[in-house]
Asker: 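Below are the structure tokens for one structure; questions will follow.
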Amino acid sequence: MALTTDLLADFEARGLVHQSTDAAALREWLGTPGRRVYAGFDPTADSLHVGHLVALMLLRRVAAAGHEPVAVLGGATGMIGDPSGRSEERNLLSAEELAANIAGVERQIRGLLENTGRTVHVVNNGDWMRGVGYLEFLRDVGKHVPLAQMLGKDSVKSRLDRDGGLSYTEFSYMLLQAWDFVHLSDALDCRVQIGGSDQWGNITAGIELGRRLRARDLHGITCPLLTKSDGTKMGKTAAGAIWLDPRRTSPYRFYQYWINLDDADAGRCIERLTELPLDEIRGLADLRTANPAARDTQKRLAEELTRLVHGEAGLTSARQATAVFFGAEIGALDDATLAEIFADVPSREFARTVLDGDGLPLVDAFEATGLSPTKSAARRTIEQGGAYVNNRRVADVTHRLTAADVGGSSTLVLRSGRKSYALARFL
RNA sequence: GGGGAGUUUCCCGAGCGGUCAAAGGGGUCAGACUGUAAAUCUGAUGGCUAUGCCUUCGCAGGUUCGAAUCCUGCACUCCCCA
């Protein structure tokens, strides 16, 4: 198969190269189709999050360029914890946690890479590290790594300067990752490792080891870490990380995360995280300057990434939820759809009989669902025009919910202000 | 050990014996505006079976027709001198 793209040029055009080893040698090795390129993922949780998307997308580009992506799961390294980019010692995971995490992460990686049409290798460094004895490792690997080199790495230096320092265990992490690289070059003839810029030290350690042990040229590319213009980490919100697993972060919240990025961040993300052609991206940048209010970039970005991670159905549900959360009529939606859209929203069940006769005072419903802490607060909200039933404003403090409000379904959507929702279910 | 100052509603902080559920600011919540941003403006902000009733001003008593405000004791905090 012919190469569809010059991988390195593609990376460069999208601002994905922070540092790389000798570009000419790298380009030459990548000149043959079917080359294997790897990135590692440590299973620190049972789901990847938005921060991992860069690496995943890099591997997709590897596939798109006619090569074969290799994803390495850190069954071994995950037991240690990478000190890179961390300010303090990690807590160790138990073996069971680790196994569960690996299973979850592997499923996600396969889901995101296997539809590229290329052969995808998903391997676990636990598989080749497990049988290796400590003495053996020290003789075969440790012997070839100069301490000065290890101490010179930023990840180590910055930690040594701190009060907490770092343990011998984390210090050794680098050796494991270096050995991974050499092992993969043996087993799969994989000679390029890619990762975030915080991985440069670990990658070069592997390259150095390959030269010493095998006299082999290995290559590395790091991409800039994605950060937001306000300085916070991409994918972190006040409410926590944005995960790829829909059980942790609903497709709606995932979609909204991208929609809410500011212009500069959205511009950078659409370049680095999507597969849209560069001229379309340039077009979006022009639109953004001309009419920032339209938020075309954010919409396109959210759409692309939600479809990629959650599929077409996830995108549809996220869009429906968005429409509803911004005032669309709710009457037409059935219970199942509502349940899906409002998956993140607290709900409260009532006996259907409370709707009989005079019905349930709206004030009571607001208090019972937790939308208002007290009935007085509920009254205030209603008086000030901040109370909605199925997205229709109710300004009457004495309003009572009856069968007429609920209609055919059994769920009522209550809302306080712009964005606090609660479901009332009448069973 | 001696002397002084203080403890107020989510936070800071004002508070004259009656007009105090208690100024002002912050926060929070609503509304307007807006690009689902930021800023800004407006209103609200103890509870309730609500034109009234109940509970709150460190804790426990007391004086008074009436106390966050006066008195006594207790607890805690801070400052100064030894």
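The sequence lines fix the lettering, A, B, ..., with proteins before strands; numbering per chain opens at 1. The figures here come from the full heavy-atom set of this structure, side chains too, leaving out hydrogens, waters and symmetry mates.
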Asker: Look at the side-chain N and O atoms of R380(A) and state whether any lies under 4.0 Å from the OP1 or OP2 oxygen of G47(B).
Answerer: yes

Asker: Look at the side chain of Q298(A) and decide which nucleotide, out of G31(B), A30(B), G35(B), has an atom nearest to it.
Answerer: G35(B)

Asker: Please figure out whether D364(A) or I259(A) has its closest RNA chain B nucleotide nearer the 5' end.
Answerer: I259(A)

Asker: Tell me if the side-chain of D263(A) makes a donor-acceptor pair with the base of G35(B), cut-off 3.5 Å, by modelled atom types.
Answerer: yes

Asker: Assess whether one donor atom and one acceptor atom, taken from the side chain of Q384(A) and the base of G43(B), lie less than 3.5 Å apart.
Answerer: yes

Asker: Grab the CG-C1' distance between D296(A) and A37(B) for me, whole Å please.
Answerer: 16 Å

Asker: Examine U49(B): is either OP1 or OP2 under 4.0 Å from a nitrogen or oxygen in the side chain of K375(A)? Give yes or no.
Answerer: yes

Asker: For D262(A), report the nucleic acid contact type (base, sugar-phosphate, nothing); a contact means any heavy atom under 4.0 Å.
Answerer: nothing

Asker: Rounded to the nearest 0.5 Å, what separation is found between the CE atom of M174(A) and the CD atom of E208(A)?
Answerer: 12.0 Å

Asker: Rounded to whole angstroms, how far apart are CZ on F366(A) and C1' on G47(B)?
Answerer: 19 Å

Asker: Measure the distance from CD1 on I382(A) to P on A44(B) and round it to the nearest whole Å.
Answerer: 18 Å

Asker: Side chain of Y388(A), heavy atoms from C-beta onward: which of A30(B), G31(B), C48(B) has the nearest atom to it?
Answerer: G31(B)

Asker: With both distances kept under 3.5 Å, what pairs with G6(B), Watson-Crick or G-U wobble?
Answerer: C76(B)

Asker: Counting only N and O atoms by type, is there a donor-acceptor contact under 3.5 Å from the side chain of Y421(A) to the main-chain atoms of F325(A)?
Answerer: yes

Asker: Inspect the contact between D10(A) and R14(A) and indicate whether a charged nitrogen and a carboxylate oxygen are less than 4.0 angstrom apart.
Answerer: yes

Asker: Inspect the contact between R60(A) and E304(A) and indicate whether a charged nitrogen and a carboxylate oxygen are less than 4.0 angstrom apart.
Answerer: no

Asker: From C-beta outward on A293(A), which listed nucleotide comes closest to its side chain: C29(B), G35(B), U36(B)?
Answerer: G35(B)

Asker: With the side chain of T374(A) defined as its heavy atoms from C-beta on, choose the nearest nucleotide among C48(B), A30(B), U36(B).
Answerer: C48(B)

